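Keep in mind that what you see is a predicted model, and the values were worked out from it rather than measured.
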Amino acid sequence: MISDEQIVFIVDDDNGIREALCELLASHGIRAMAFGSAGEYVKFEKPDAPACLILDIELPDINGLDLQSEIAQGEHPPIVFITGHGDIRSSVRAIKDGAVDFLTKPFTDADLMHAINAAIALDKQKRAERAEAGKLKRRYLDLTPREREVLPLVVSGLLNKQAAAELGISEVTLQIHRRNVMQKMEAASLADLVRIAERLEIPTTHSRRPGGEA
């Protein structure tokens, strides 16, 4: 179950930094969990909640930038880098690879909290998008095989009679399938169904002929 409680993961090999960050976050009512190495963080079973990862560059087992690259293919919290060894090349790489911010020690509490809040807000947005995508996928899987054939033809802009001819069925039968698709996908209009198909990355191989009948 997804928790509404937000959490900040801290990966830094400096125990003093970890303690200071945990105290700062506690003062803002934010739960924090700290790790002394990348390996500890990766192995930890993380709660399903909006989160942010505060990541140091220099770690005992792996460079923070390399860790960012390793976890990039999966779902992971937005990253805020903190480092006492920052340079332009590292900061550019971090931001290009999706980091929310790159802070060089010493930094102010206000700057760090601003970055953390931005990262958590981004994670909440991504989670909402994934949840919506999951709903759409489940609705799509509820379609019958024939309805899944009808969907791309409808969103391609084909007339009912054209789509029916494509599938070798009557126009009336096509209209029934089209209505079922609209209902099951919970589409309020054809434009809404087109947007849903785009979200699901359903390929369309046909296009409506200009000047065709309505």
Side-chain angles (χ1 to χ4, degrees), residues 1-138 199 201:
M1 178 177 290
I2 299 175
S3 170
D4 291 329
E5 182 186 16
Q6 53 198 31
I7 183 169
V8 174
F9 302 108
I10 302 163
V11 182
D12 195 304
D13 62 346
D14 188 322
N15 186 58
I17 293 292
R18 295 199 301 271
E19 291 182 353
L21 292 177
C22 286
E23 290 177 4
L24 173 64
L25 290 162
S27 71
H28 287 267
I30 300 177
R31 180 185 176 194
M33 301 194 72
F35 307 88
S37 69
E40 291 177 13
Y41 169 74
V42 171
K43 293 176 182 178
F44 179 74
E45 186 173 348
K46 300 160 193 69
D48 191 3
C52 162
L53 170 58
I54 298 179
L55 184 58
D56 193 9
I57 293 289
E58 299 298 332
L59 297 169
D61 51 354
I62 186 175
N63 181 280
L65 293 169
D66 292 335
L67 174 62
Q68 180 187 28
S69 297
E70 285 188 9
I71 63 178
Q73 300 305 315
E75 295 177 4
H76 66 86
I79 297 172
V80 173
F81 277 100
I82 58 172
T83 180
H85 310 281
D87 55 58
I88 293 178
R89 174 186 249 179
S90 295
S91 64
V92 168
R93 174 181 168 184
I95 298 302
K96 278 189 174 181
D97 287 348
V100 172
D101 211 337
F102 189 97
L103 302 176
T104 303
K105 302 170 186 175
F107 44 79
T108 67
D109 290 350
D111 285 342
L112 179 59
M113 291 308 304
H114 177 77
I116 289 172
N117 288 329
I120 291 176
L122 177 61
D123 196 38
K124 288 180 178 179
Q125 177 187 336
K126 288 183 175 180
R127 285 170 170 273
E129 291 172 353
R130 287 198 297 268
E132 179 62 22
K135 289 179 183 178
L136 295 179
K137 183 65 174 179
R138 288 191 291 274
R199 290 283 304 276
E201 299 182 347

With [X] via side chain to side chain contact (heavy atoms under 4.5 Å, CB included) - residues at least two apart:
X	answer
Glu70	Ile62
Asp61	Ser37, Ala38, Leu59
Glu58	Asn63, His85
Arg93	Leu65, Asp66, Ser69, Asp97

Lys105 atom NZ: more than 12 heavy-atom contacts under 6.0 Å =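 For Lys105, atom NZ is crowded (more than 12 foreign heavy atoms under 6.0 Å).
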inquiry  = Counting only heavy atoms not in His76 (residues, nucleotides, ligands), do more than 12 fall under 6.0 Å from its NE2?
reply    =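 Buried by this count: over 12 neighbours within 6.0 Å.
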Name all residues meeting the side-chain hydrogen bond (donor to acceptor under 3.5 Å, both in side chains) criterion together with [X]; count only those two or more places apart in sequence or in a different chain, and write none if there are none.
X	value
Thr108	Asp111
Ser91	none
Lys126	none
Asp13	none

Can you name the nearest heavy-atom pair linking [X] to [Y], along with the distance?
X	Y	result
Ile57	Phe102	CD1-CE1, 3.8 Å
Cys52	Ala119	SG-CB, 3.7 Å
Thr83	Asp56	CA-OD1, 3.6 Å
Asp123	Ala49	OD2-O, 3.9 Å

task = Please tell me if the side chains of Arg127 and Glu75 come closer than 4.5 Å, counting only heavy atoms from C-beta onward.
result =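 No - every pair of side-chain heavy atoms lies 4.5 Å or more apart.
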request  = Determine whether Leu122 and Val100 make a side-chain contact, defined as any pair of heavy atoms from C-beta on separated by less than 4.5 Å.
outcome  =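 Result yes, sub-4.5 Å side-chain heavy-atom pair found.
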inquiry  = Phe44: which residues meet the ring-ring contact (aromatic ring centres under 6.0 Å, His included) condition with it, sequence neighbours left out?
reply    =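 Phe44: ring-ring contact (aromatic ring centres under 6.0 Å, His included) contacts with Phe35.
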Please tabulate, for the side chains in residues 21-29, all donor-acceptor contacts under 3.5 angstrom to protein atoms that are two or more places apart in sequence or on a different chain.
{"unit_1": "Ser27", "atom_1": "OG", "unit_2": "Leu24", "atom_2": "O", "d": "2.5"}

query = Roughly how far, to the nearest 0.5 Å, is the CD atom of Glu19 from the CG atom of Asp14?
reply =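 With rounding to 0.5 Å, CG (Asp14) is 9.5 Å from CD (Glu19).
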Using modelled atom types and a 3.5 Å cut-off, is there a donor and acceptor pairing between side-chain atoms of [X] and backbone atoms of [Y]?
X	Y	value
Gln68	Ala94	yes
Glu132	Ala128	no
Arg18	Ala34	no

From CA spacing to verdict: side-chain contact (heavy atoms from CB on, under 4.5 Å), Leu53, Tyr41 = CA-CA 10 Å; Leu53 170 58; Tyr41 169 74; 3.9 Å; yes
inquiry  = Once salt bridge (charged side-chain N to carboxylate O under 4.0 Å, His left out) is applied, do any residues pair with Asp101, and if so which ones, sequence neighbours excluded?
reply    =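 In terms of salt bridge (charged side-chain N to carboxylate O under 4.0 Å, His left out), with neighbours along the sequence ignored, Asp101 is linked to no residue.
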Partners passing salt bridge (charged side-chain N to carboxylate O under 4.0 Å, His left out) against Arg199 (at least two apart in sequence or in another chain) =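 Per chain and number, Arg199 pairs via salt bridge (charged side-chain N to carboxylate O under 4.0 Å, His left out) with no residue.
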message = Before you tell me yes or no, could you show the steps for Ile30 and Ile7 under side-chain contact (heavy atoms from CB on, under 4.5 Å), namely the whole-Å CA-CA distance, both residues' side-chain angles and the distance that decides it to 0.1 Å?
response = CA-CA 6 Å; Ile30 300 177; Ile7 183 169; over 6 Å; no
request  = Could you walk me through whether Ile54 and Val8 pass side-chain contact (heavy atoms from CB on, under 4.5 Å), step by step?
outcome  = CA-CA 7 Å; Ile54 298 179; Val8 174; 3.6 Å; yes
